[in-house]
Amino acid sequence: MSETEPIGGLGDAAKPGTGEVTATVIVNAPAPRVFAAFLNWERQSDWIPFTKVRVVEGDGGEGSLIEAITALGPAALRDEMRVVRVDAPYELKVVHCGKVLRGPGSMRCTAMGGDRTQVVMHEWFHLPGGAAGKLAWPVLWPGSKLSFKGALKKFGRLVEEGKLP
């Protein structure tokens, strides 16, 4: 597949956007266990605040469609993700393909000594709102980065405590 061809018919959503967020955490557990916990889509609701996650199509693996709805009071944001690659226990790639959240994302597990695993999540969102969205991003980015990192830390704690997967 050439770089100009969309992944699985996902069009521009498969191309990196300008809203980039990365978070890293070290989890005191072996990589296969960490990766399996991450792929337990419905349990992501346990560590992503205000969010309910479910598999809409497929078995949660490659080709599956995942839905995450984040609700705070009456406001709700629907995030649809197509799983485009699963290379267990090392890497997972998705494409956010909804109406508001669009762009590729990845989660990588790197095994370290002593049954520790480095987890890196990286997202490249297309910013909604055109030029206004791009201007707002520097203001929104710190909050996005903190919430992303906080969720990933909670994920790590739940894995370490044996509550995930």
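For clarity, every value in this text was computed on a predicted model and none was experimentally measured. Residues take their numbers from the sequence shown, with the count starting at 1.
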What orientation do Trp124 and His122 show, parallel under 30°, tilted 30 to 60°, or perpendicular over 60°?
parallel
Distance-minimising heavy-atom pair for Ala31 and Thr117:
N-OG1, 2.9 Å
Carefully, step by step, assess Glu67 and Met81 under the rule side-chain contact (heavy atoms from CB on, under 4.5 Å).
CA-CA 6 Å; Glu67 174 188 73; Met81 295 163 275; over 6 Å; no
Flag, side chain of Ser106 to backbone of Lys93, donor-acceptor distance under 3.5 Å
no
Using a strict threshold of under 4.0 Å (side-chain N to carboxylate O), is an ion pair present between Glu62 and Arg85?
no
Kindly give the heavy-atom pair with the smallest separation between Ala151 and Pro49, and that separation in Å.
CB-CD, 4.2 Å
For the residue pair Asn40 and Pro165, what are the closest heavy atoms and their distance?
ND2-C, 4.0 Å
Point-to-point distance, once rounded to the nearest 0.5 Å, from CG of Asp79 to OG1 of Thr70
7.0 Å
side-chain contact (heavy atoms from CB on, under 4.5 Å) between Met121 and Thr22, worked out:
CA-CA 6 Å; Met121 285 182 58; Thr22 303; over 6 Å; no
Side chains of Leu39 and Leu92, heavy atoms from C-beta outward: is any pair under 4.5 Å?
yes
State, to 0.1 Å, how close Leu164 and Trp47 come at their nearest heavy-atom pair, and which atoms those are.
CD1-CD1, 3.8 Å
Reported CG-to-CZ distance for the pair Leu77 and Phe50, which is rounded to 0.5 angstrom
13.5 Å
Below 4.0 angstrom, N of the basic side chain to O of the carboxylate: do Glu42 and Arg54 qualify?
no
For Val53 and Ala68 the tightest heavy-atom approach is CG2-CB, 4.0 Å
Donor-acceptor contact below 3.5 Å, side chain Arg102 vs main chain Phe125
no
Under the side-chain contact (heavy atoms from CB on, under 4.5 Å) rule, what do His96 and Glu123 come out as? Steps first, then yes or no, please.
CA-CA 9 Å; His96 298 269; Glu123 305 276 358; 2.6 Å; yes
Does the distance from a Lys or Arg side-chain N to an Asp or Glu carboxylate O, for Glu80 and Arg78, drop under 4.0 Å?
yes
Taking the side chain from Ser45 and the backbone from Arg43, do they hold a donor-acceptor pair closer than 3.5 Å?
no
Can you check whether Asn28's main-chain N or O pairs, donor with acceptor, with Glu160's side chain at less than 3.5 Å?
yes
Distance-only, no hydrogens or angles: does the Arg33 side chain make a donor-acceptor pair with backbone N or O of Val159 under 3.5 Å?
yes
Please check this pair: side chain of Trp41 against backbone of Val55, looking for a donor-acceptor N/O pair closer than 3.5 Å.
no
Minimal non-hydrogen separation, Cys97 against Ala13, with atom names
CA-CB, 4.3 Å
To the closest 0.5 Å, what do you measure between CG (Asp46) and NZ (Lys163)?
10.0 Å
Going through the checks in order, is the side-chain contact (heavy atoms from CB on, under 4.5 Å) test met by Val94 and Val84?
CA-CA 5 Å; Val94 300; Val84 295; 5.7 Å; no
Could you go through Phe155 and Phe38, starting from their C-alpha distance and side-chain angles, then the distance that decides it, and tell me whether this counts as ring-ring contact (aromatic ring centres under 6.0 Å, His included)?
CA-CA 8 Å; Phe155 166 76; Phe38 194 88; 5.8 Å; yes
